[in-house]
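Both backbone and side-chain heavy atoms feed into the values below; hydrogens, waters and symmetry mates do not. Proteins come first, then strands; the chains are lettered A, B, ... in the order of their sequence lines, and each starts at number 1.
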Amino acid sequence: MLALTIYLSFAGAFVLALMPKAWPRTPRILALLFALSGLAVALSGYVADYATGSVSVANLDWVPAMGIHYTLAADGISRVLVLLTGIAAVAGILFSWNIGDDEGDRPNEFFAFFLALIGGVYGVFLSVDLFLLFVFYEIAIVPKYFLIAIWGSTRREYAAMKLALYSFAGSAMVLIGLLAAYTTAGSHTMNLQELARYPFPIGFQMWAFPLVFVGFAILAGMWPFHTWAPTGHVAAPTAASMLLAGVVMKLGAYGCLRVAMTLFPHGLDPWGFSLFGIDSWRTVFALFAVIGIVYGAAVALVQNDFKFVIGYSSVSHMGLVLLGLLTLTQIGIDGAVLQMFSHGILAGLLFAAVGRIVYGRTHTRDLGLLSKLQLGKAMPFAAVIFVIAGMASMGLPGFSGFVAEVQVLIGAWKAFPWFAIVAGVGIVVGVAYTWRAMQRAFFSDAPAVDANGAIVPVPAYEPVTWSEMAGVLLLAGTSLVIGIYPRLLLDVIAPAVQSLPHALLTGGRP
Amino acid sequence: MNAVMNSINYGDLFRITLPETILEIVSLLALIVDLGWMRKSSRDTRMSTACWLGVLGCVAAIGWLIQHPDAGSIAAGSLVATPLVAAVKIGILTLTALVLLLSVTTEFSRNPGEFVAIVLLGTTGMLLVTAARDLLLIFVALELLSLSLYVLTAFAKSSAQSSEAALKYYLFGGMSAAFMLFGFSYLYGLTGTTNLSQMTSALSGSSVPLAIVALVLVVAGLGFKVAAVPFHLWAPDTYQGAPAPVTSLIASGSKVASFALLVAVTDGIMASGNSTYSANGNSWIVLLITMAAGSIVLGNLAALVQTSVRRLLAYSAIAHAGYMLLGIAAHTSQSGAAVLYYALTYALTTVGAFGVIGVVERSTGSDRLDAFAGLSRRNPLLAGTMLIFLLSLAGIPPLVGFWAKFNLFASVLRAPGSGHWGLVLVIMALAASAVSLYYYLQVLKRVYVVKPQRVDPMRITLLELTTLVAIAFAVVLLGILPGLLSGWIPLG
């Protein structure tokens, strides 16, 4: 049944692309309907299979001569991420409700690209056949380019091209690894589970693992390959930022876990020698992840563009995901998957608050300028949303971020105590940059003065629309529910993590 | 050759060469109809009559090939018919038919009859090249193909560019043909036969320095046909100067035929002795790999800075030839089939891309990147087909270009002889194809992102639109269901 999410999204993209352009306000309604039905399918699939393990979704011959099959299945990790995708898709459309109001918005194309991207993301999360997974992975790349280049803002063409080339370079690395694994294992199968059982030589895994891992981690925003992320997030239109941070970066992290680590678990083993305490690819990437956590947070602390703050915070939060995966402990990987979900929701909420609700009305994202606008009074709704999202994002108990970060840190404490401490520092810096941005943007005491020294009155901005309200309720509500009762997700994630290959749950001890 | 003369069974000859015969007859028919009955008609009518006649000829030949894909050979294997050869022939005929369909409304020529006749003669050459397994036949067929293309390149008589392109094409082509013939003469001298399969056994085990010289010369000749570095110099100018349908023909059918020939020749000669380490095999492989690497790097890098879309596609064609040469160097039967699959699907996509370029040129008078600005608003459907063609060339799934690349590179990695170089070159090729996305996106950026100066709808005839949409549909369909062709060209 979950396969319907993929078909619905692509059908929506197809319908919207071919629909006549005479009614500019219809596409968003249609797109919302398609996204809502996708979410309904994802949610009912989630509820129906709550207590079951991996469920097979589809299995058809595709190119049997080459061992390639159309195989879809969903374990707990997939189902959680499919649910996230459904929520992010609906929220993204709700926050794009202005597309179609103006001449030259090209709403048909916008929502067609949007839904095509969503379809690709659903597909990646559900694929078991690696060839199929790769196909969906690449389908998700191209629409991003157009969404940013056509509907974006600041340096959009540069940012879009950078993002497309980074993604494509990453996927070329992944393809090399997959081709090598496929031919090494005798070209009989592209099925992930069957390939994972093939004993690849250690030497092979030692070069294939970092290649595939980095290929996916580029999209997950791993330092030092993260530079596409802030520029891409800033340039993208709100809905695309929400998707980029919300689900596309998760594709990368998902690939790291599902493909690189599952296929080549011995690539994580120690090299047999140690250089400055670094003795395996696992330590190298964990180090990168920790640097990403601290670096992203530190850079976010000094940004003047509101969206850059959130762009860098995404790099920081995705560092936590990667660190959690590399702990190779049940609790760390649980936390990483939960963090993927949580960050997907919260990044969406933050980008919506900044990109749509604030920027859509004030037309500036400069924190210096915003601090003079007294938004706390002029836009109390936006202030409340940002406070909620910011609190959740800095890891306040009661929201989803807290549970996830605690689990990742516990896992990291077992695996890399020093890294756990540094990551903890990064989380503290996260409090600082959120606080700073919040204070500057909404609660600055300095009112704007005109040339004569008179205080400029608080301007009246257009009120919050129903679509914005609905989107906020959806995202903030999800985060709150998960924060209060995380078992709703953890009950599904934990068994799936348990059934990962044994080598991934040993905490690095053979 | 004596054996060839004496042992011909004319019934077999007729049966095996019937597609070629049909094309010959139709090409004469096109001349007769055009020059005999239609002198007084308008040029448009004459052009469409001639083109449709040509299309019918291609369809008839395809029909015969589908009905009789049987294996056989005549004259001691000088001319062969296998299911694979039949598949490639069908592919070439389809490509020619598509090129003719896209030529119906072109205005570059005042001599429609001659145009179609020469296109069909060139196609006959392609078909013969595909089936020939004898040095003399190969040379004659290649010359038939090449001479037709030289003439066609110069067919826009009022355009100086067209003449310049033809002259460059002709001079380079003539020289490379001379090289190749010289190489053939050495091969004949060494082995005493012109037949490829007999040559294989005669060469086996021996490692004569002269054989290597001969191979280098032959490779030079074939490298010119497929526009591989360092024999690529004609390609950008010819692609830019020739009339759009002729460029498609050079980029599609001619490429396919040349690669089919390369597969046949390398099959024959590299297999001599135990392929992997025989001296001949090795020097071939080194040569092919060098050419492939050079083509991949130079084609992709040079394409980055082009402002003319035709030149851009010319350099991308050089890069694609490089990818295919990797498959040739792997020289297994799988990689041979993978190369043919790649060549056919690449050619199909290219015909579509040049079809779009032709339409844009007619409307804007230019093939520069900026001429494509705002195409998505001026003609959304046309823009959509261009999107599909270029993304397929870049190798983005689920389009056929990705599948062809996957199949080709998998076959290269699998080949027993590719142990030393296979992985390195596949990595290089995939890295280069990541680079290639940049220049394809340069075109697509104009099509979808840049605001146009003119927003009036771009005019396109129903026939052109139908043809382009059909090609785009095929590119998508073959990408989603790659097994569709597996009855013709084996996969895996």
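- Taking chain A as the reference chain and counting heavy-atom pairs below 4.5 Å, the highest number among B:Pro380, B:Gly395, B:Pro398 is found for B:Pro398.
- Taking the six-membered ring for Trp and the full ring otherwise, the centers of B:Tyr440 and A:Phe168 sit at least 6.0 Å from each other.
- In this structure, the separation between CZ on B:Arg414 and OH on A:Tyr182 is 5.0 Å, given to the nearest 0.5 Å.
- For chain A, no part of B:Ser411 is nearby; none of its heavy atoms comes within less than 4.5 Å.
- Looking at heavy atoms from C-beta onward, B:Phe409 lies out of side-chain contact with A:Ile176 at the 4.5 angstrom threshold.
- Ranking B:Leu399, B:Val426, B:Ile480, B:Leu381 against chain A, the residue ahead of the rest is B:Ile480, based on heavy-atom pairs under 4.5 Å.
- Atom CZ of A:Phe14 is surrounded by 12 or fewer heavy atoms from other residues, nucleotides or ligands within 6.0 Å.
- Taking the side chain as every heavy atom from C-beta outward, A:Phe134 and B:Phe402 approach each other to under 4.5 Å.
- With respect to chain B, the highest number of heavy-atom pairs below 4.5 Å among A:Phe131, A:Phe136, A:Tyr70, A:Trp62 belongs to A:Phe131.
- B:Phe473 CZ: 12 or fewer foreign heavy atoms inside a 6.0 Å radius.
- To the nearest 0.5 Å, the span separating CD1 on A:Ile150 from NZ on B:Lys451 amounts to 9.5 Å.
- B:Ala429 does not touch chain A: none of its heavy atoms, backbone or side chain, sits under 4.5 Å away.
- Of the two parts of B:Leu423, only the side chain, counted from C-beta on, holds a non-hydrogen atom closer than 4.5 Å to a non-hydrogen atom of chain A.
- Taking CG from B:Leu391 and CD from A:Glu138, the interatomic distance works out to 10.5 Å, rounded to the nearest 0.5 Å.
- B:Tyr448 touches chain A through backbone and side chain together, each having a heavy atom under 4.5 Å away.
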Tabulate below the donor-acceptor pairs under 3.5 Å that side-chain atoms of residues 108-117 of chain A make, not counting sequence neighbours, or state none.
{"residue": "A:Asn108", "atom": "ND2", "partner": "A:Leu16", "partner atom": "O", "Å": "3.4"}
{"residue": "A:Asn108", "atom": "ND2", "partner": "A:Met19", "partner atom": "O", "Å": "3.1"}
{"residue": "A:Glu109", "atom": "OE1", "partner": "A:Arg106", "partner atom": "NH2", "Å": "3.0"}
{"residue": "A:Glu109", "atom": "OE2", "partner": "A:Arg106", "partner atom": "NE", "Å": "3.2"}

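- Counting non-hydrogen atoms of other residues, nucleotides and ligands closer than 6.0 Å to OH of B:Tyr438 gives a total of 12 or fewer.
- Between A:Thr184 and B:Leu413 the shortest side-chain heavy-atom distance does not fall below 4.5 Å.
- Scanning both residues, A:Ala172 and B:Ala434, for their nearest heavy atoms gives CB-CB, 4.3 Å.
- Across A:Thr183, A:Ile68, A:Leu178, the residue that shares the most heavy-atom pairs under 4.5 angstrom with chain B is A:Thr183.
- Residues B:Trp403 and A:Val63 are in side-chain contact: their nearest non-hydrogen atoms beyond the backbone lie under 4.5 Å apart.
- At a 4.5 Å heavy-atom cutoff, the contact between A:Ala164 and chain B is made by backbone and side-chain atoms alike.
- Atom CG of residue B:Leu437 and atom CD1 of residue A:Ile141 lie 8.0 Å apart, to the nearest 0.5 angstrom.
- Of the inter-residue distances, the one linking B:Leu430 atom CG with A:Met173 atom CE reads 11.5 Å to the nearest 0.5 angstrom.
- Contact annotation for B:Leu444: both backbone and side-chain heavy atoms come within less than 4.5 Å of a heavy atom of chain A.
- Summarising the geometry, atom NZ belonging to B:Lys405 is positioned 12.0 Å from atom CG belonging to A:Leu179; distances are rounded to the nearest 0.5 Å.
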